[in-house]
There are 2 protein chains.
Amino acid sequence: MTASKSELAYTVIKDKILSGAYSPGYRLVLSTLAGQLGVSVVPVREAIRRLEAESFITFERNVGATVAGIDPTEYLYTMQTLSIIEGAATALSAPLITQPDIDRAREVNARMRACLDDFDPVRFTALNLDFHSVLFESCPNPHILDLVHRGWNRLKALRQSTFTYVPGRARESVAEHEELLRLLESGAPAADVERAARAHRAATLDAYLAHNANDGVPSPY
Amino acid sequence: MTASKSELAYTVIKDKILSGAYSPGYRLVLSTLAGQLGVSVVPVREAIRRLEAESFITFERNVGATVAGIDPTEYLYTMQTLSIIEGAATALSAPLITQPDIDRAREVNARMRACLDDFDPVRFTALNLDFHSVLFESCPNPHILDLVHRGWNRLKALRQSTFTYVPGRARESVAEHEELLRLLESGAPAADVERAARAHRAATLDAYLAHNANDGVPSPY
DNA sequence: TCTACGGTGATCGTATACGATTTCATACTC
DNA sequence: GAGTATGAAATCGTATACGATCACCGTAGA
């Protein structure tokens with residue numbers, strides 16, 4: 001059950017993009033990568049095309065691949081789409097979530113709250129994913145879950161942790177999490193849960209837009 | 001500007017799957033396809049991996065590719081996801097849709113109505129896509145549009161035209177279209193438009209489930 | 001009759017080689 | 001000096017070749 005070399009190339013390149021070793025705009029040359037990885041260009045090419053399909057890189061015929069840049073408009077599209085998908089995912093999960101699930105989520109949220117002073121954005125973002133992952137474990141529709149993960153991946157690729165840039169948003173976020181848990185505990189209607197979950201993601205986007213209003217970030221509306 | 005052979009292979013194979021020339025379960029062998037297309041196996045392999053990523057086929061290492069089967073559960077997941085995505089897409093488009101757009105959509109819907117007697121499912125389905133495409137032309141978020149098209153593609157691959165199987169659903173659908181147009185014309189709030197558009201797709205799914213209740217179609221709920 | 005085993009063919013996975021296309025620097029013309 | 005032709009270098013695109021892995025099937029033993 002050895003992993004294929006194509007899989008290896010995919011994993012390594014993706015990790016280097018996510019970790020920042022390959023910054024946006026970095027030029028990926030097939031033969032160079034092949035040499036570094038100790039494989040031929042064929043599996044590297046396959047990995048590149050796969051990463052392109054997942055929007056980690058852009059690829060132009062006969063020209064080559066470059067790590068996808070941080071595009072504020074792209075960030076905006078992704079956040080808007082995520083607000084819709086996460087809203088639906090939370091609503092679908094709601095009737096299946098048990099009290100132990102909620103307890104676990106609340107515990108994660110407590111760790112996030114503990115993080116608020118001497119703020120660590122990386123740790124906070126990781127805990128944030130944990131929090132929502134707990135809620136989504138019950139989601140009965142795997143397609144929707146897949147879309148959630150795609151969105152998260154895209155955000156990672158954009159490396160836009162809004163919490164990093166908008167002061168105070170992290171604290172708001174923790175409060176909204178608690179509110180969401182109360183809704184779920186009380187057996188609120190799915191429509192209410194969906195509205196709250198959607199608003200939670202949208203608020204992060206709005207905070208980002210308001211904070212960068214003078215920085216030439218375009219609005220898609 | 002000649003298309004790459006990989007692109008050619010992708011298009012040809014995908015078309016054959018969508019048209020039914022390659023039925024679900026059909027075994028796709030790289031070398032055979034390469035021979036038929038007059039290219040080598042490398043671009044065919046790339047096309048296959050791409051089709052796999054888009055769920056048209058399944059692929060197993062060292063074993064090969066087979067055309068994805070018709071799975072009622074998969075159909076259900078897809079329809080549920082589409083109802084959410086299409087609802088959001090319609091709501092986002094709503095404020096940007098002009099009266100000429102609505103007139104065009106209404107004209108398409110009239111052609112659908114004309115189709116109702118001596119019913120042609122293929123033509124009806126095509127017109128149905130046209131109808132919604134008109135509404136989505138204004139959608140400001142390309143990611144969401146992309147998800148809509150993915151869903152439509154998957155339905156084509158499943159070749160599950162619900163209209164074919166549920167008597168009377170086509171007529172209901174035409175009526176719901178008219179209702180949707182009235183909402184858009186009256187400048188109804190985005191939330192109302194979203195609810196209506198989502199319900200439109202969900203109603204098709206519900207009709208399918210009700211109609212096949214005794215045929216062992218599993219429920220995801 | 002059933003199961004374990006091993007051989008054989010089919011198919012995929014990857015390396016290598018070479019042709020096709022693009023890019024960029026340079027020289028040339030107006 | 002601006003714009004354009006030209007050539008070489010870099011890079012991708014694809015063909016071919018061969019090794020690796022798996023499924024299938026016949027056989028032997030219990």
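Values below: every heavy atom of this structure, side chains too, minus hydrogens, waters and symmetry copies. A note on names: the letters A, B, ... follow the listed sequences, proteins ahead of strands, and every chain is numbered from 1.
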(request) Would you mind telling me which residue lines up with the more 5' stretch of DNA chain C, A/E60 or B/A65, judged by nearest nucleotide? (result)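 Of the two residues, B/A65 wins.
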For atom [atom1] of [X] and atom [atom2] of [N], their distance in whole Å:
X	N	atom1	atom2	answer
B/Y10	D/dG13	OH	P	17 Å
B/K5	C/dG19	NZ	P	14 Å
B/N62	C/dA10	CG	P	16 Å
B/R61	C/dT14	CZ	C1'	10 Å

(message) For DNA chain D, which residues of residues 27-55 of chain A approach it to below 4.0 angstrom with any heavy atom?
(response)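 By residue number: A/L28, A/V29, A/L30, A/R45.
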(message) The criterion is ring-ring contact (aromatic ring centres under 6.0 Å, His included); which residues satisfy it with A/Y26, sequence neighbours excluded?
(response)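 Partners of A/Y26 under the ring-ring contact (aromatic ring centres under 6.0 Å, His included) test: A/Y22.
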(message) My understanding is that only residues two or more places apart in sequence, or in another chain, count here; which of them pass ring-ring contact (aromatic ring centres under 6.0 Å, His included) with A/H143?
(response)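 Per chain and number, A/H143 pairs via ring-ring contact (aromatic ring centres under 6.0 Å, His included) with B/Y77.
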(request) With sequence neighbours excluded, tell me which residues meet salt bridge (Lys or Arg N to Asp or Glu O under 4.0 Å) with A/R111. (result)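 Partners of A/R111 under the salt bridge (Lys or Arg N to Asp or Glu O under 4.0 Å) test: A/E107.
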(message) Any carboxylate oxygen within less than 4.0 angstrom of a Lys/Arg side-chain nitrogen, looking at A/R198 and B/E194?
(response)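 Counted as a salt bridge, because a side-chain N and a carboxylate O are separated by less than 4.0 Å.
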(message) As a test of reading the structure: which of D/dC22, D/dT14, C/dC12 is closest to the side chain of B/V63, going by heavy atoms?
(response)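 When the side chain of B/V63 is considered, D/dC22 is the closest of D/dC22, D/dT14, C/dC12.
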(request) Sequence neighbours left out, what passes side chain to side chain donor-acceptor pair (under 3.5 Å) with A/E52? Give chain and number order. (result)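 Only A/R49 meet the side chain to side chain donor-acceptor pair (under 3.5 Å) criterion with A/E52.
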(request) Not counting sequence neighbours, list each pair that qualifies as a ring-ring contact (aromatic ring centres under 6.0 Å, His included) and has a residue in residues 29-55 of chain A. (result)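 Listed once each, the pairs would be none.
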